[in-house]
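Remarks on the structure that follows.
Worth knowing before you read on, the calculation uses all heavy atoms, side chains too, and leaves out hydrogens, waters and symmetry mates. Sequential numbering from 1 along the given sequence is applied to the chain's residues.
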Amino acid sequence: MLKRLLGCVREYKKPTILTLIFIIGESIIETLIPFITANLVNRIQEGARLQQEIGNKLQSADGFGAALKVAFSYEEIQNVLLSGLLLIVMAFASLACGAIAARCCAKASAGFAKNLRHDLYDRINDFSFENVDKFSSTSLVTRMTTDVQNVQMSYMMIIRTAIRSPLMLIFSVIMAFVMGGKLGLTFVIIIPVLGCGLWLIGRKALPAFRSVFRKYDRLNESIEENVRGMRVVKGFSREEHEKEKFGVAAENIRGDFTKAERIVAWNRPIMQICLYFNMVFVLLVGSKMAIEGASGVAVGQLSAMLTYGMQVLMSLMMLSMIYVILTMSAESMKRIDEVLCEKPSLQNPESPITVVEDGSIDFDAVNFKYSAKAKRNALSNVNLHIKSGMTVGIIGGTGSGKTSLVQLIPRLYDATEGTVRVGGIDVREYDLVALRDAVAMVLQKNLLFSGTIKENLRWGNPNATDEELAEACKLAQADEFVQAFPEKYDTYIEQGGTNVSGGQKQRLCIARALLKRPKILILDDSTSAVDTKTDALIRAGFRTYIPETTKIIIAQRVASVEDADLILVMENGAVAAAGRHEELLSSCQIYREIYAQQTKGGEDNA
């Protein structure tokens, strides 16, 4: 898992390495500063002693000469000044190392997150519907946002704080023993105590942090459902119910975070106890040793010991925070790795065919179900043979398998059993891009992207001219309302096409598909929001604009398919009947009932 995630560092290895180098430099300088400071304090103390000695000499019998001899030792002042200058230089060097490390760290962590999102997005784009169904769209969004942010934070902490804190801890303990001798034994007591306490805190907080991410998925799902289904929610006056459902999801996350943060809050009091213990121990024992004249213990050593004690405790506290953040991120890493490791259920063969010769379609004994766990097939024993250029209508009740049937043609799913052929070749032998370029689908749920009408239409043909765009829109009966917009084809479409009506959206999607000039055109109930006259004009445009294209029209209205070369009647995932309009009226009871209900209001069945 770590190898795959670290593979996303790629071109940001250099700033990562530079961060580590400058962090090491900063740590070394910061641990040397108390050492230099201690020597400076000791020299100042020695200078004060010399000053007092000079005064004593002046009052003694030796007189002025002896005082002058002692005063000559004031060359120590130069050493003090040099030590002070060295401290200033070291302080600026530490500041520079820290600033450069922070800049490099920010660049490395942000770049790592960018690459990680890019790899996740590429992987998701390769997913089939089956893969997307496995994770759910809301979970994938959470993994690309919240989870990536957590991993980015961890990476930043690892290359900066997780390197700096152990180094500062080790260097500070070593220097404490060098400067204070036996006083350094205080760290033998406080480090295990603080380490064990912080480990227990992280261990207790881990379960709460882990449960949060699963609840984020449910929260995002609630948001997505409400945004996409806003009209339904308002139409049924379910605002209060949805608010309550969202509130429960938000409260669950708040509860878990509060529990985790309450545990983590023990960090500070444990650190404060260890800090004050260190201060009291150093001041009491150190002062006693200094007064008694113990070798190597002076005022400078005491100040250094206090500073090193603070550095040790701060390093341990930062290590505890790193542990907590890594604990949180471990679950995020696992969720991201699940996506990166997921293999698309639909893949190209080793030597794929890249040319679709024609739009003929064959289904041979096809059975299909959406999941291996499904108890029943969505399609059962489907046998079809459609010649290139035919117009095929599909009609049937909700759940009869109409959409499932056409989704096997561009290989959005693979047949569970049997074979689907396009152009006489098994769809599994085609290059996926080549196959899907030869098939244009206008789905039941039409989707326009944010951008101008031109930009949306050019999804069908990126190189289409303005004249070709207008021609396709005229055939789809969309040009009239587009010309009515002030900006015409430069009119901006809001996200999801919310600023156009359902019928307008359907016609723009049809125009987009026509621009592709596909071998096979599939309309999945794509004219349900237009009137029958417009529907007839659209179908007439198909005959003139793409006569050699195989056209499959899924419809609820018999009028939309009655002039088709072949009409399929679907029931319970099987083809109940197939034939032309007149044949089905005489031979198929289901078709006859649908026709009667739509044309005569069901009077024949009364």
Side chain proximity check, I361 to I409, heavy atoms < 4.5 angstrom = yes
Applying salt bridge (charged side-chain N to carboxylate O under 4.0 Å, His left out) to R411 and not counting sequence neighbours gives D414
Hey, are the side chains of I510 and Q477 touching, using non-hydrogen atoms and a 4.5 Å cut-off?
-> no
For R539, the salt bridge (charged side-chain N to carboxylate O under 4.0 Å, His left out) test, sequence neighbours excluded, returns D535, D563
**OP:** Step through the shown structure and confirm whether more than 12 heavy atoms of other residues, nucleotides or ligands are within 6.0 Å of OH on Y121.
**Re:** no
> Would you say W459 and L515 make side-chain contact, with heavy atoms under 4.5 Å?
Replying inline: no
N115 meets the side-chain contact (heavy atoms from CB on, under 4.5 Å) criterion, sequence neighbours left out, with C8, R10, E11, Y12
Taken in chain and number order and not counting sequence neighbours, the residues that satisfy side-chain contact (heavy atoms from CB on, under 4.5 Å) with E350 are none
- Is the number of heavy atoms from other residues, nucleotides or ligands under 6.0 Å of E480 CD greater than 12? no
**Asked** Is a side-chain donor or acceptor of K519 paired with a backbone partner of V439 at a separation under 3.5 angstrom?
**Response** no
Exercise for review: Find out whether V500 and I493 are in side-chain contact, i.e. whether some heavy atom of one side chain is under 4.5 Å from a heavy atom of the other.
Suggested key: yes
- Message: Between L435 and V427, is there a side-chain heavy-atom distance shorter than 4.5 Å?
- Response: yes
Worksheet entry | Beyond-backbone contact of F112 with I159, side-chain heavy atoms, under 4.5 angstrom | no
Residues pairing under ring pair (Phe, Tyr, Trp, His ring centres under 6.0 Å) where one sits in residues 398-432, two or more places apart or in two chains, turn out to be F129-Y413, F368-Y413, Y370-Y413
So, do M570 and I394 sit near enough that their side-chain heavy atoms are less than 4.5 Å apart? yes
Between T145 and R117, the two heavy atoms sitting closest are O-NH2, 4.3 Å
Residue pairs passing the salt bridge (charged side-chain N to carboxylate O under 4.0 Å, His left out) test with at least one member in residues 567-589, sequence neighbours excluded, are D565-R580
Contacts of R428 meeting salt bridge (charged side-chain N to carboxylate O under 4.0 Å, His left out) (sequence neighbours excluded), chain-then-number -> D426
Applying side-chain contact (heavy atoms from CB on, under 4.5 Å) to N348 and not counting sequence neighbours gives D431, L432
Check the surroundings of atom CE in M144: do more than 12 heavy atoms from other residues, nucleotides or ligands lie under 6.0 Å from it? yes
Salt bridge R143-E338, side-chain N to carboxylate O under 4.0 Å:
yes
**Message:** Measuring only between side-chain heavy atoms, which start at C-beta, is L405 closer than 4.5 Å to L568?
**Reply:** yes
Residues passing the side chain to side chain donor-acceptor pair (under 3.5 Å) test with D358, sequence neighbours excluded, are S360
- Can you say whether the rings of Y595 and Y591 are parallel (under 30°), tilted (30 to 60°) or perpendicular (over 60°)? parallel
Sorted by chain and residue number, the salt bridge (charged side-chain N to carboxylate O under 4.0 Å, His left out) partners of E342 (sequence neighbours excluded) come out as K134
Residue pairs passing the salt bridge (charged side-chain N to carboxylate O under 4.0 Å, His left out) test with at least one member in residues 464-476, sequence neighbours excluded, are K454-D466, R458-D466
Taking atom NZ of K334 as the centre, does the number of heavy atoms from other residues, nucleotides or ligands within less than 6.0 Å exceed 12? no
Residue set satisfying side-chain contact (heavy atoms from CB on, under 4.5 Å) with H385, at least two apart, ordered chain then number -> D362, D364
